[in-house]
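Just below is one structure, and these are the notes that go with it.
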Amino acid sequence: QVQLVESGGGLVQAGGSLRLSCAASGVIFRLSTMGWYRQAPGKQRELVASITSTGSTNYADSVKGRFTISRDNAKNTVYLQMNSLKPEDTAVYYCNGLRTYWGQGTQVTVSS
């Protein structure tokens, strides 16, 4: 019954911005830690950002200062605002809920 659906991926030029959204259902969203992970070709999936039920955030060093994770509990949605995008950010981005549920992923491609 748990479902996470990502949206907002696409192709952008280096230096551009994207906002990813993850709509959650089947969970008590307000009590759930949520996160964004990414996986580039040939690389392991890595944590990009997370946000707890109390609003505490955590970021990978590679995105700190450029990406912002936020949540809207009324909409059961978590967001990832990505600014100053670099080609190295190119990956499939996955929404994670409760540290065990995954979305289908959304492709982010940053051209140089």
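Within 6.0 Å of OH on Y101 lie no more than 12 heavy atoms contributed by other residues, nucleotides or ligands. Within a 6.0 Å radius of CD in Q44, other residues, nucleotides and ligands contribute 12 heavy atoms or fewer.
Side chains of D72 and T77: a donor-acceptor N/O pair is absent below 3.5 angstrom, by distance only. Counting only N and O atoms by type, the side chains of E88 and T90 include no donor and acceptor under 3.5 Å apart. In this model, a donor atom of one side chain and an acceptor atom of the other lie less than 3.5 Å apart for T54 and T52.
Inter-residue side-chain proximity for E6 and Q104 is flagged as met; some heavy-atom pair is nearer than 4.5 Å. M34 places a side-chain heavy atom less than 4.5 Å from the side chain of R71. Contact annotation: the side chain of V48 approaches that of Y93 to within less than 4.5 Å [non-hydrogen atoms, C-beta and beyond].
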Donor-acceptor pairs are to be reported for all side-chain atoms of residues 18-32 against protein atoms at under 3.5 Å, with residues two or more places apart or in another chain.
from: S32; atom 1: OG; to: I28; atom 2: O; distance (Å): 2.9

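Connection of L80 to Y37 is not established within any shared hydrophobic cluster, with ILVMFWY side chains joined at heavy-atom distances below 4.5 Å, either directly or through further cluster members. Residues Y94 and L47 share a single hydrophobic cluster, defined by chaining ILVMFWY side chains whose heavy atoms lie under 4.5 Å apart. Taking hydrophobic clusters as Ile, Leu, Val, Met, Phe, Trp and Tyr residues chained together by side-chain heavy-atom distances below 4.5 Å, V92 does not share a cluster with Y79. In this structure, V108 is a member of the same hydrophobic cluster as L4, with clusters built from ILVMFWY side-chain heavy atoms closer than 4.5 Å.
No close placement of the W36 and F67 rings is indicated, their centers lying 6.0 Å or farther apart.
A donor-acceptor contact shorter than 3.5 Å is absent between the side chain of N58 and the backbone of I51. For the pair T109 (side chain) and L11 (backbone), a donor-acceptor distance under 3.5 Å is absent. R45 places no side-chain N or O within 3.5 Å of a backbone atom of R38 that could act as its donor or acceptor partner.
Nearest heavy-atom pair, A14 versus P87, reported as atom, atom and distance to 0.1 Å: CB-CD, 4.1 Å. Nearest approach of A40 to A91, heavy atoms of both residues: N-CB, 3.8 Å.
Note on residues 30-71: no pairs pass disulfide (SG to SG under 2.5 Å), not counting sequence neighbours.
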Fill in: Derivation and outcome, side chain to side chain contact (heavy atoms under 4.5 Å, CB included), residues C95 and V78
CA-CA 8 Å; C95 182; V78 61; 3.9 Å; yes
Discussion item. Quick one, D61 with K64, criterion salt bridge (charged side-chain N to carboxylate O under 4.0 Å, His left out). Give me CA distance, side-chain angles, the key distance, then yes/no.
Written reply: CA-CA 5 Å; D61 288 341; K64 201 168 298 181; 3.1 Å; yes
Practice prompt. Any chance you could lay out the side chain to side chain contact (heavy atoms under 4.5 Å, CB included) test for M82 and S17, step after step, and finish with the verdict?
Written response: CA-CA 5 Å; M82 306 185 294; S17 297; over 6 Å; no
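Atom OG of S62 sits about 7.0 Å away from atom CG of D89, to the nearest 0.5 Å.
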